[in-house]
Amino acid sequence: MSATMSDLLLDWYDRHARRLPWRVSTGERPDPYRVWLSEVMLQQTTTAAVAPYFAAFTARWPTVEALAAAPEEAVMAAWAGLGYYSRARNLVKAARAVADLGGFPDTEAGLRALPGVGDYTAAAVAAIAFGRRAVVIDANVERVVARLYAIATPLPGARKAIRVAADTITPGKRAGDFAQAMMDLGATICTARDAKCLLCPLQSACAARALGDPLRFPVKAVKKARPLRTGTAFWIERDEAVWLVTRPAKGLLGGMRALPDDGWLARADGHGEAPLAGAWKAAGVVRHGFTHFDLELGVATYAGEGVPAGEGQWWPLERLDEAGLPTLFAKAAERVLAQRSTDGED
DNA sequence: AAAACGTGGCT
DNA sequence: TAGCCAAGTTT
C-alpha cells in the first residue's frame with residue numbers, strides 16, 4: 001500500500017517541524033487561547049514579527065478571561081507596531097464574547113462567528129486546538145497546492161480549485177499537524193521565491209515539478225501601482241509633554257494614538273493647514289509605506305503658546321514609548337527628538 | 001467583489 | 001533599491 005500525500009507530509013513534519021513559541025510538543029493538547037491569539041497575530045504577519053508580541057501578550061494576559069477584562073486602550077497600545085489595528089479591536093471583542101460563552105467554541109462554525117476570525121483562522125483553530133478536520137488555507141497552502149496540481153488559473157480566481165484540491169488531501173486524523181505541516185512546507189521548502197524540490201517530501205507527487213518550472217505557480221494577477229501621498233504631522237510640545245490625539249475607531253490606524261495631522265488620506269494629500277495659528281518649523285520628512293499607498297509625511301514643530309482645539313491629551317515625553325504610537329508616528333516622533341539632540345550637541 | 005487595511009525583512 | 005511577500009478579515 002503506497003503512502004498517501006498526508007502520510008508523506010506528516011512523516012516529514014515529525015522530523016522537520018519548526019519550533020515556534022505558540023506550539024506545544026507532540027501529543028500535548030494546545031491551549032485554545034494561545035492558538036487563537038497566535039493565529040490572529042499571524043494574519044499577514046511574519047513569525048519573527050509576532051514572536052515578541054505573543055510573549056508580551058501571554059505574559060500580561062495569560063488567559064482569555066484576563067484579556068477580556070483588559071481596557072481596550074491597553075490592548076491597542078500593546079498591539080502598536082504590529083499593524084492591521086482592527087485586529088486588536090476585534091481581539092478584545094472576541095475575548096469578551098468567549099468569556100461570556102464560558103470558553104472557546106470548539107467547532108469551525110462557532111469560531112467563525114467571533115470578530116476577526118475568518119475562514120482561515122476558524123479552520124486553523126478548529127484543527128490545531130481541537131483536532132477537528134478542517135481545510136486550512138493560507139498563502140502557504142495556496143502556493144503549495146497550486147504547485148502540487150499545477151493550477152494555472154491566476155489568483156484570486158484559482159481559490160475554488162485550490163480549496164477543492166486541499167480538501168482532497170486533508171486527512172481526518174492529525175488535522176492540526178497536517179495544517180501546520182503544509183504551512184511549514186510552504187515557509188521553508190516550497191517558498192515564494194524558491195522551490196527546494198530535492199528536499200520536498202511531496203516531490204514525486206508534484207505536477208509543477210514534473211513540468212520543470214515550480215516557480216511558475218501560483219499565477220497571480222498583476223497589482224496596481226501604489227500612489228504617493230504627502231501630508232503633515234504636527235508636534236506641539238509643552239512642559240515636557242506632547243499633544244496626542246486618538247484616531248477615529250475605523251479606517252487607517254483606527255483607534256490608535258497619533259500626532260495631529262493635516263487630514264492626509266490614502267486617496268488624498270493633506271491640506272497643509274496646522275491645528276494652531278502661529279510659528280511652525282519644518283522638522284523633517286518621514287517616508288512610510290502602507291499596503292495601498294506610500295506616504296511622505298512632513299513633521300512640523302510649533303513654537304508658540306496656543307492650545308489645540310478638540311480632543312487630545314498632553315503625553316509626557318519620558319513615557320512616549322508607552323503611548324502605543326503606530327510605527328508611522330513613532331518614526332515622526334523619533335525624527336523630532338533626534339533632530340533636537342543633534343541641535344543640542346552643536 | 002474589489003478595496004481597505006501596517007509593517008518589516010529580503011532580494 | 002523598489003517591489004514582493006507574510007499563518008487574512010471586513011465591508
Side-chain angles (χ1 to χ4, degrees), chain A residues 17-18 20-23 34-54 76 79-91 93-94 111-129 134-144 155-157 159-160 176 178-188 190-194 215 218 220-229 247-256 258 265-267 286-295 297 324-331:
Chain A
R18 286 178 293 172
L20 297 168
W22 40 89
R23 285 189 179 168
R34 295 167 64 90
V35 175
W36 162 75
L37 177 63
S38 66
E39 289 301 343
V40 173
M41 287 183 164
L42 286 161
Q43 291 166 6
Q44 296 285 283
T45 309
T46 58
T47 56
V50 166
Y53 285 85
F54 181 79
M76 299 300 290
W79 197 275
L82 199 55
Y84 287 135
Y85 297 101
S86 66
R87 291 186 293 174
R89 190 171 296 270
N90 285 148
L91 195 77
K93 279 197 202 129
L111 291 159
R112 182 68 178 77
L114 297 172
V117 175
D119 291 339
Y120 162 76
T121 304
V125 176
I128 297 168
V135 182
V136 180
I137 302 176
D138 74 329
N140 289 302
V141 177
E142 254 176 23
R143 182 173 56 254
V144 170
L155 287 170
R159 295 252 156 82
K160 264 177 282 184
F178 178 79
Q180 292 176 98
M182 287 289 279
M183 294 190 272
D184 279 17
L185 190 69
T188 63
C190 193
T191 69
R193 291 185 179 83
D194 191 18
L215 298 187
K220 298 197 172 184
V222 288
K223 287 178 182 169
K224 300 179 194 174
R226 297 189 302 184
L228 174 63
R229 296 291 174 215
R247 295 174 63 86
K250 292 194 173 182
L252 192 72
L253 308 176
M256 302 300 287
L265 301 164
R267 305 236 177 182
V286 170
R287 291 281 298 226
H288 192 76
F290 291 97
T291 311
H292 47 306
F293 69 105
D294 290 315
L295 178 67
L297 183 73
L325 293 178
T327 300
L328 168 66
F329 294 110
K331 281 188 198 171

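Of all nucleotides listed (B:dC10, B:dA3, B:dG6), B:dC10 comes nearest to the side chain of A:R193. Here the side chain of A:K224 is nearest to one of B:dT7, B:dA3, C:dA7, namely B:dA3. Nearest nucleotide to the side chain of A:A187, out of C:dT10, C:dA7, C:dT9: C:dA7. The side chain of A:L253 approaches B:dG6 more closely than any other nucleotide in the set C:dA7, C:dC5, B:dG6. Comparing atom distances between the A:H292 side chain and each of C:dC5, C:dA7, B:dA4 picks out B:dA4 as nearest. Among C:dG8, B:dC5, B:dT7, the nucleotide with an atom closest to any side-chain atom of A:T121 is C:dG8. You'll find that the side chain of A:N90 is closest to C:dT10, out of C:dA6, C:dT10, B:dC5.
No hydrogens or angles were tested; on distance alone, nothing pairs the side chain of A:Y120 with the base of C:dG8 as donor and acceptor under 3.5 Å.
Residue A:R143 is classed as a sugar-phosphate contact, given heavy-atom separations below 4.0 Å to backbone atoms only.
Look at CD1 on A:I137: it is 12 Å from P on C:dG8, rounded to the nearest Å. Atom C1' of nucleotide C:dT11 and atom CZ of A:R87 are separated by 18 Å, given to the nearest angstrom. Put simply, CH2 on A:W36 is 14 Å from C1' on C:dT9, counting in whole angstrom units. Nucleotide C:dA6 holds its P atom 13 Å from the CG atom of A:L42, rounded to whole Å.
Using atom P as the reference point in both C:dA7 and B:dA3, the two lie 24 Å apart (nearest Å).
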